[in-house]
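Okay, handing you the structure first.
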Amino acid sequence: MKRYVGILSVLAFAIVLMNYSFVSADAAKGQAIFNDAKAGNCKTCHDTGDKKKVGPGLKGATDRQPKEWLEKWLADPQGTWAANDEHVQDLKKRMKKEDKPNTAMKLPTKLAADQVADLIDYLATLK
Ligand code: HEC
C-alpha cells in the first residue's frame, strides 16, 4: 500500500510539472508569433504595456475581453468588427471609432486555431 502511495505521488507530481511546462510553452510560442512580422506582426501595432500605438496597449487585454471573444477577434478581426457585438462596441468607444466601418487591425496571415490559443496564453501574461 505504502508503495502505491509513493508511486501515485510521483505520478501526480510529474503531471503537475508537465502541465506547467505545456502552459509556459504555449505562452512562449505566442510571444514568438507576437513578435514575428510574418506571423502575427502584433508588435508593430501593439505595446505590451499601457501605451497606445496603432492599436491599444495589450496589458490586461485578457481581463478586459472574454477569451471566446479574443478567439473570434484573432481568427477574424474584420468579421468580428463587422458583427459589432458589445465587446467591439466597447473597443470602438475606447478607440474613438464609433463611426468607422472597418477595423485597422490587419494581420499578415490568417492565424490557425493553435496559434490563436498560444497568443491568448501569451496575452494573459501581460499584467
Ligand atoms: C496593423 C496593426 C495591427 C496589427 C498587426 C495587430 N493589431 Fe491588434 N489591434 C489593432 C487596432 C487598430 C485595434 C483596435 C481596433 C481598431 O481600432 O481597428 C486592435 C485591437 C486588438 C485587441 C483588442 C484590445 C482591447 O483592448 O480590447 C487585441 C486583443 C489585439 N488587437 C491583439 C492583437 C494580436 C494578438 C495581434 C497579432 C496576432 C494583433 N493584434 C495585430 C491593430 C493591429
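Just follow the structure's listing: the first ligand is 1, and inside any ligand the first atom is 1.
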Checklist entry - Any idea which atoms of ligand 1 are less than 4.0 Å away from a heavy-atom of Lys106? => result 1 (C), 5 (C)
Next on the checklist: Can you name the atoms of ligand 1, numbered from 1 with element, that are less than 4.0 Å from a heavy atom of Thr103?
Outcome noted: 15 (C), 16 (C), 18 (O)
Checklist outcome for this item: re atom 12 (C) of ligand 1, the protein heavy-atom contact at minimum distance is Val54 O, 3.3 Å
Item to check | Cys42 contact mode with ligand 1 (heavy-atom cut-off under 4.0 Å) | outcome: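 For Cys42, the contact with ligand 1 is made by both the backbone and the side chain.
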Checklist entry - Can you list the atoms of ligand 1 that are under 4.0 Å from a heavy atom of Ala104? => result 1 (C), 2 (C), 12 (C), 16 (C), 18 (O)
Next on the checklist: Once you restrict to heavy atoms under 4.0 Å, what part of Lys92 touches ligand 1? Side chain, backbone, both or neither.
Outcome noted: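 Under 4.0 Å from ligand 1, Lys92 contributes no heavy atoms.
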Checklist entry - Is there a heavy atom of Trp81 sitting under 4.0 angstrom from any atom of ligand 1? => result yes
Next on the checklist: List the residues meeting ring-ring contact (aromatic ring centres under 6.0 Å, His included) with Trp81, not counting sequence neighbours, and say none if there are none.
Outcome noted: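 Partners of Trp81 by the ring-ring contact (aromatic ring centres under 6.0 Å, His included) criterion come out as none, since no residue qualifies.
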Item to check | Spacing of Lys43 atom NZ and Ile33 atom CD1 [to the nearest 0.5 Å] | outcome: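 Rounded to the nearest 0.5 Å, the NZ-CD1 separation comes to 14.5 Å.
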Checklist entry - For atom 8 (Fe) of ligand 1, which N, O or S atom of His46 is at the shortest distance? => result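 This residue's closest N, O or S atom turns out to be NE2.
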Checklist entry - Can you tell me if Leu119 has a non-hydrogen atom under 4.0 Å from ligand 1? => result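 The answer is yes, since Leu119 has a heavy atom less than 4.0 Å from ligand 1.
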Checklist entry - Which atoms of ligand 1 sit under 4.0 Å from any heavy atom of Leu74? => result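 Matching atoms, with element in brackets: 32 (C), 33 (C), 34 (C), 35 (C).
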Checklist entry - Counting heavy atoms only, which of Leu70, Asp36, Asn41 is nearest atom 29 (C) of ligand 1? => result Leu70
Item to check | Arg94 heavy atom under 4.0 Å from ligand 1 | outcome: yes
Item to check | Residue that, paired with Cys45, satisfies side-chain contact (heavy atoms from CB on, under 4.5 Å) out of Val54, Leu107, Leu58 | outcome: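 Between Cys45 and the candidates, side-chain contact (heavy atoms from CB on, under 4.5 Å) is satisfied uniquely by Val54.
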Next on the checklist: Heavy atoms only, cut-off 4.0 Å: how does Leu58 contact ligand 1, side chain, backbone, both, or neither?
Outcome noted: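 It is the side chain that touches ligand 1; the backbone stays farther off.
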